[in-house]
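Working notes, beginning with the structure itself.
Sequence lines set the chain letters: A, B, ... in the order given, protein chains first and strands last, and positions in each chain run from 1.
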Number of protein chains: 2
Amino acid sequence: MFKSYNIVCMKQDKEVTIYDIADYLNISAATVSRGLKDHPTINKKTKKKILEAAQKLGYRSNAFASNLRTKQSKTIGVIVPRLNSYFMSTVIAGIESIANEEGYQLIISQSQEDEQKEAANAITLFNSRVDGIMVSLAANTKTTDHFKPFLEKNIPIVYFDRVVETPDSLTISIDNYKAAFEVTQHLIDKGCKRILHLGGNVNRNVYADRLAGYKAALKQAGLPTPDNLVFFSNLSEDAGVEAANYINNLKQKPDAVFSANDTCAAYCMIRLKQLGYKIPGNFLFAGFNNDPISKVVEPNLTTIAYPGYPMGQIAATHLINHLKGIADISSTNSVLLRHELIVRASTQK
Amino acid sequence: MFKSYNIVCMKQDKEVTIYDIADYLNISAATVSRGLKDHPTINKKTKKKILEAAQKLGYRSNAFASNLRTKQSKTIGVIVPRLNSYFMSTVIAGIESIANEEGYQLIISQSQEDEQKEAANAITLFNSRVDGIMVSLAANTKTTDHFKPFLEKNIPIVYFDRVVETPDSLTISIDNYKAAFEVTQHLIDKGCKRILHLGGNVNRNVYADRLAGYKAALKQAGLPTPDNLVFFSNLSEDAGVEAANYINNLKQKPDAVFSANDTCAAYCMIRLKQLGYKIPGNFLFAGFNNDPISKVVEPNLTTIAYPGYPMGQIAATHLINHLKGIADISSTNSVLLRHELIVRASTQK
DNA sequence: TTAAAAAATGCAACCGATTGCAAAATATTT
DNA sequence: AAATATTTTGCAATCGGTTGCATTTTTTAA
């Protein structure tokens, strides 16, 4: 009794397949398959009939069957340190816009800034047979061995923002060295002689390059770079507060602060103001990222703007073009996007 | 020549299947299949052999074949208005954390606040046979007809934050009415008599409820609610500036502003300060969301905090439990999360 | 009108994992 | 040692779309 009822239910739920369409039109499934994907050898009239029948019967194609047969998933994997930062979510929005347009799905995962989790996510993506991956590395990632399986299977990898130069994969970023140099030079031009840098994990190119650019600018200006003028942290809000306390305790105070991100800069400024300092009176301040808070914090923060949304779009476009065979990723090694120094009140004496 | 070379290449790339493992161990593929998924009827020793062989041969399971056969994708679709807002990316981070833990993949798409695109995304997700979807509605979405196909196929839907009450699906949100009431009451308690509201699209529950809560509080206090004390917009940065200009042009100025989000509140404040007003001197200010900028803008903004990350986790947990058959979604109608009034300097006279 | 060329369609074997049911192997009980 | 019960394993069909090659149909040329 129940069984037969169930069967009826199943029948109702039953998916329409190309075989159903074939039966309905008295043609073969092969023709239907070809007709649905606009194969050139199928007669236009037949195509039209097929499309109409598909519509009428409520057909939807089964990607699993197709993927199984064709061995491609039309899916791109994305690994980022964190989703919920303004910059990252903007990049991902850019990626999504292109992927969506091109009929690719996105599988997004977070490494939470942890190499272990990054590796685990990589395995998951590998096992779900993504056609390609896009990666922004975790802060503590030392090796990229966990991406080897992809390379071995010729699954393309695009690194963005937090990149690592490798012969086989494309990197998309800005010239962090140059940008940091420009920021530092800007502070020097304003007459600063003791510029403190709030640095991130130098494992990552973005922070290493910013540090290097900062040092290079100082060196070129003939300014010393004592160790106690660089304060390393994870650049969080709390780190900004700590940095402020650190500065407060320095015997010889800096006259400017260049932070490797805006969040840390903003919270450092806020804390310093609490401690009675004036900005830009006592310290000029510059950040990096052009985060929304940079134009809300007081004084508005001088910073480096660089385009997250386009970065995502460019990364996705390169990857998809490679997948489509239009352009080969390995022909290009890296793409550098433009950045821009945005001067605001925090560096106006 | 080339052909045979190609074949060799293919062979190398060839994926290891359960059949290869079966051949290798001289057992059947059925046993391997069962062994790999810890089926109870398989001998432990056999299991061990299978696992070892799988390891050694570099086997990875083919989800397409499995999905094709089992007719489930282990994938959840997500549709949000925008990825790159602090709140949304935080919710998604929460969703991801649970999905990842439970072995589900996420497919994320953006409606860009547009009903058409929302519908298109829905179709895409439907065709990729997600096991369930999680939706936060676009601002201009009028009907939820585009989700009907899911309901017809018994694919569960969870709405979060920007929800719509329906008999068949679960909604997860906060009590926006009550929260807005509390904010308004707080302003009234501070002695405000003319409180202006910056409202969003009342199509969406979040903005309609916030407006209603605001009005209810005024009414209860016996205060009038003239139409010109509500300024509707998309609550963007620009809208905040416009709102400030609007206020500046009002003959009878308000003594407080309650904005339906923090972004709009912050930019409204900034613009008003530019125009020479003092905050909280001339106007008390309150926002909604506890966005990062709310504690950076000066004065720090009184606002409503509500938990994005947990909201994502809860939404994902409910959906997955439903999919696993542990709990039925339709038994619960809606889940309300706790919110909290955070009083900051912008409402301290 | 017939032969040849071109266009359209069909056959059937995949892709790889799953699972109901039957069969074989092993364990337990008389 | 035979009979029964219990574990393990295997057979074979299935999921639905794809595609090389063969076949049929239609068009063009002779």
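- Rounding to whole angstrom units, OH of residue A:Tyr59 and P of D:dG16 are separated by 10 Å.
- Between B:Arg34 and A:Thr31, the residue anchored closer to the 5' end of DNA chain C is A:Thr31, taking for each the nucleotide with the nearest heavy atom.
- As a whole-Å value, the separation of B:Ile50 CD1 from D:dT9 P is 8 Å.
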Evaluate the criterion salt bridge (Lys or Arg N to Asp or Glu O under 4.0 Å) for residue pair B:Asp131 and B:Lys74; output intermediate values, then yes/no.
-> CA-CA 6 Å; B:Asp131 292 341; B:Lys74 279 281 208 170; over 6 Å; no

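- For B:Thr171 (side chain) and B:Val164 (main-chain N/O), no donor-acceptor pair under 3.5 Å exists by modelled atom type.
- For the pair B:Ile42 CD1 and C:dT26 C1', the computed distance is 15 Å after rounding to whole Å.
- Nearest nucleotide to the side chain of A:Asn62, out of C:dA17, C:dA8, D:dG17: D:dG17.
- Between A:Asn43 atom CG and C:dT9 atom P the separation is 5 Å, expressed in whole Å.
- Atoms OH and OG, on A:Tyr19 and A:Ser33 in that order, are 8.5 Å from each other to the nearest 0.5 Å.
- The side-chain heavy atoms of B:Pro81 and B:Ser136, taken from C-beta on, include a pair separated by under 4.5 Å.
- Projected onto DNA chain C by closest heavy-atom contact, A:His39 and A:Tyr19 fall at different nucleotides, the more 5' of which corresponds to A:His39.
- The 5' end of DNA chain D is approached more closely, in terms of each residue's nearest nucleotide, by B:Ala30 than by the other of B:Ala30 and B:Leu68.
- Whole-Å rounding puts the B:Asp38 CG to D:dT8 P distance at 13 Å.
- Which of C:dA8, C:dT19, D:dT8 sits closest to the side chain of B:Ser33 comes down to C:dT19.
- When the P atom of C:dT9 is taken as reference, atom CD1 of A:Ile21 falls 15 Å away, rounded to whole Å.
- A residue-by-residue look at B:Arg69 and B:Ser28 shows that B:Ser28 has its nearest nucleotide of DNA chain D further toward the 5' end.
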